[in-house]
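One structure is given here, and the rest of the page talks about it.
Just so you know, these numbers use all the heavy atoms, side chains as well, and skip hydrogens, waters and symmetry mates.
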Amino acid sequence: SLKLECDKLASEKSEMQRHYVMYYEMSYGLNIEMHKQAEIVKRLNGICAQVLPYLSQEHQQQVLGAIERAKQVTAPELNSIIRQQLQAHQLSQLQALALPLTPLPVGLQPPSLPAVSAGTGLLSLSALGSQAHLSKEDKNGHDGDAHQDDDGEK
């Protein structure tokens with residue numbers, strides 16, 4: 001019975017280690033995505049600051065107001081946005097499964113899929129656990145996108 005208990009504990013330990021690695025990879029992938037999003041925000045703010053002086057005074061005030069409203073996003077608003085994007089993503093997956101596998105008769109077109117916003121990338125990463133793609137990229141030597149983007153801009 002001690003041997004059986006030892007084997008059981010060893011299998012539980014192995015399972016816990018596997019979960020730890022999975023959560024570590026997810027955390028690492030989300031951290032990279034967060035830094036990438038922060039860099040995008042920084043660059044877009046720079047673009048807004050460069051373009052703003054060329055706008056009329058009235059439009060400058062409208063843009064500054066819109067920027068301030070965008071900065072005031074609340075947790076409930078974020079939850080609502082995330083929920084909507086997940087529903088759109090799930091709907092597109094269901095519609096993709098419902099597409100006919102046989103060719104359609106001439107003149108008929110398959111139903112179009114709803115557009116999924118660019119913000120769904122992070123949600124897909126966390127909701128669907130697609131951290132494996134990021135960990136493969138990291139193992140191939142891609143440290144981050146910032147160095148590649150900086151070189152591409154010069």
I need the [X] [atom1] to [Y] [atom2] distance, nearest 0.5 Å.
X     : Y     : atom1 : atom2 : result
Leu52 : Ile47 : CG    : CD1   : 13.0 Å
Leu30 : Lys36 : CG    : NZ    : 12.5 Å
His35 : Lys42 : NE2   : NZ    : 12.0 Å
Leu44 : Gln37 : CG    : CD    : 9.5 Å
Gln60 : Leu55 : CD    : CG    : 6.0 Å
Lys13 : Cys6  : NZ    : SG    : 10.0 Å

Query raised in the report: Does a side chain donor of either His89 or Gln85 reach within less than 3.5 Å of an acceptor in the other side chain?
Result: no
Requested in this report: Check the hydrophobic clustering (I, L, V, M, F, W, Y; side-chain heavy atoms under 4.5 Å; chains of links allowed) and say if Met16 and Met22 are grouped together.
Outcome: no
Query raised in the report: Could you walk me through whether Ile67 and Lys71 pass the side-chain contact (heavy atoms from CB on, under 4.5 Å) check?
Result: CA-CA 6 Å; Ile67 289 172; Lys71 289 179 182 179; 3.8 Å; yes
Report task. Decide yes or no on side-chain contact (heavy atoms from CB on, under 4.5 Å) for Arg83 and Asn79, but give the supporting numbers first. Result -> CA-CA 6 Å; Arg83 195 174 308 110; Asn79 287 334; 4.1 Å; yes
Query raised in the report: Is any side-chain N of the basic residue among Glu15 and Arg18 closer than 4.0 Å to the acidic one's carboxylate O?
Result: yes
Query raised in the report: Of all heavy-atom pairs between Glu77 and Gln72, which one has the smallest distance, and what is that distance?
Result: OE1-O, 4.0 Å
